Q: 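Handing you a structure now.
Proteins get letters first, then strands, A, B, ... in listed order; numbering begins at 1 in each. Worth saying up front: this structure is predicted, and the values here are computed from it rather than measured.
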2 protein chains.
Amino acid sequence: MTSQARRSNCPIACALDLVGDRWTLLVLRDMLLLGKTRFDEFLASPEGIATNILSDRLARLEEEKLVERSRDPDDGRRVIYRPTERGKSFVPVLTAMRDWGLKNVEGTRVFAPPRAKR
Amino acid sequence: MTSQARRSNCPIACALDLVGDRWTLLVLRDMLLLGKTRFDEFLASPEGIATNILSDRLARLEEEKLVERSRDPDDGRRVIYRPTERGKSFVPVLTAMRDWGLKNVEGTRVFAPPRAKR
DNA sequence: CGGGATCCGTCTTGATACTG
DNA sequence: CAGTATCAAGACGGATCCCG
């Protein structure tokens, strides 16, 4: 919960301390590449993340200033999650992984392109 | 141990099924960016991986054809680990993460450059 | 001595059920 | 809709042991 001590000063190790698990980068994928913003949108992804895991990862990402939580201006009951600039800078990591998968894992394909603005 | 069923056909999710944990990409970093080849060299990295974890990750990487195990021709008692072409193609993922860390995590720095051949 | 395997306590993960 | 609570299963880590 409270941020762990870093394991080294290696930039890769530090990045992995934030996103080195099976779910965090999928949440960022949904947010950065697919434009998702709501809890139930993340839940609906085909990998089937559990609600507690999603809740935990969103909280960590918020704590690490990669994601900001706010309310939908059109419907104050809805919570929305948006990437910060720091979070958006993970796009190259995601695209590098996507490219690796497309070339090296048979049967993979990208899902939806980013949605058009409005 | 036996390869898990994939969670989806997303290339990112499939990549994460292979390297989505806190240690696997550090082993690949040592191998691909620092030129390490031996068990005790990986153990010596500053993050301090445990022997059982290292053993497990090397076995998985071998199973997934990202790494090949062989013997040092100069000393048949030594085991050496080398990346396959499939493994080497993870370099862009590692460099993207390295770049993210360098820009976004204070105090990070790259360690050694790749060793010169021979 | 290098390269692990095994044991075991602890921490983390994740599926499911439930709630405001 | 957006989460908590519960609880089992698994991953981790470290110490130790093993084997050529």
Side-chain angles (χ1 to χ4, degrees), chain A residues 1-8 13 16-28 30-31 35-64 67-83, chain B residues 1-8 13 16-27 30-31 36-64 67-83:
Chain A
M1 233 124 286
T2 61
S3 44
Q4 294 292 99
R6 74 168 57 162
R7 292 178 288 175
S8 75
L16 288 173
D17 285 341
L18 300 181
V19 301
D21 72 275
R22 285 166 62 254
W23 293 108
T24 302
L25 282 174
L26 292 183
V27 175
L28 287 176
D30 285 354
M31 211 175 296
K36 296 185 179 185
T37 61
R38 300 201 324 267
F39 196 87
D40 65 313
E41 288 183 301
F42 302 125
L43 276 186
S45 285
E47 293 83 13
I49 190 171
T51 59
N52 58 342
I53 303 296
L54 175 57
S55 181
D56 177 79
R57 296 306 187 275
L58 286 169
R60 287 192 202 192
L61 288 170
E62 191 184 3
E63 198 175 332
E64 297 295 342
V67 165
E68 278 174 2
R69 185 184 311 233
S70 60
R71 294 281 169 174
D72 187 334
D74 295 337
D75 178 356
R77 297 168 308 181
R78 280 181 181 278
V79 178
I80 59 179
Y81 298 92
R82 293 209 179 275
Chain B
M1 240 120 286
T2 61
S3 45
Q4 294 292 99
R6 75 169 54 161
R7 292 178 287 175
S8 75
L16 288 172
D17 285 341
L18 300 181
V19 301
D21 71 277
R22 283 167 63 254
W23 292 110
T24 302
L25 281 175
L26 292 182
V27 174
D30 286 353
M31 210 175 296
K36 297 185 180 184
T37 60
R38 300 202 323 268
F39 196 87
D40 62 315
E41 288 183 301
F42 301 125
L43 276 186
S45 285
E47 293 83 13
I49 190 170
T51 61
N52 56 345
I53 304 295
L54 175 57
S55 180
D56 177 79
R57 295 305 187 275
L58 286 169
R60 287 192 201 192
L61 288 169
E62 192 184 3
E63 198 176 331
E64 297 294 344
V67 165
E68 278 173 2
R69 185 182 313 231
S70 61
R71 294 280 171 175
D72 186 334
D74 296 337
D75 179 354
R77 296 169 310 180
R78 282 183 179 279
V79 177
I80 59 178
Y81 299 91
R82 292 208 180 276

Q: With side chains defined as the heavy atoms from C-beta onward, is the minimum distance between Thr37(B) and Met31(B) less than 4.5 Å?
A: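 The answer is no, as the side chains (C-beta and beyond) never meet within the 4.5 Å cut-off.
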Q: Could you state the CG-C1' distance from Asp40(B) to dC1(C), rounded to the nearest angstrom?
A: 10 Å
Q: Heavy atoms, side chains only, cut-off 4.5 Å: are Glu47(A) and Asp30(A) in contact?
A: no
Q: Between the protein and nucleotides 13-16 of chain C, are there any N/O to N/O pairs under 3.5 Å, and if so, what are the atom names and distances?
A:
residue, atom, partner, partner atom, Å
dT13(C), OP2, Arg60(A), NH2, 3.1
dG14(C), OP1, Arg22(A), NH1, 2.5
dG14(C), OP1, Trp23(A), NE1, 3.0
dG14(C), OP2, Trp23(A), NE1, 2.9
dG14(C), N7, Asn52(A), ND2, 3.2
dA15(C), N6, Asn52(A), ND2, 2.2

Q: So Leu43(B) and Ile49(B), do their side chains get closer than 4.5 Å, heavy atoms only?
A: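 Touching, per the 4.5 Å side-chain cut-off.
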Q: Nearest-Å distance, CG (Leu54(B)) to P (dG13(D))?
A: 12 Å
Q: Whole angstroms only, please: what is the NZ-P distance between Lys36(A) and dC1(D)?
A: 14 Å
Q: I'd like to know if Asp72(B) and Arg38(B) make a salt bridge, using a cut-off of under 4.0 Å between side-chain N and carboxylate O.
A: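 Not counted as a salt bridge, because no side-chain N and carboxylate O are separated by less than 4.0 Å.
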Q: Any heavy-atom pair between the side chains of Thr24(B) and Arg60(B) that's under 4.5 Å?
A: no
Q: Can you check whether Phe42(B) reaches Leu58(B) side chain to side chain, under 4.5 Å on heavy atoms?
A: yes
Q: Applying a 4.0 Å non-hydrogen cut-off, can you work out what Arg71(A) is touching in the nucleic acid: base, sugar-phosphate, or nothing?
A: nothing
Q: Given atom CZ of Phe39(B) and atom P of dC19(D), what is their separation to the nearest angstrom?
A: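 Taking atom P of dC19(D) as the reference, CZ of Phe39(B) is at 17 Å.
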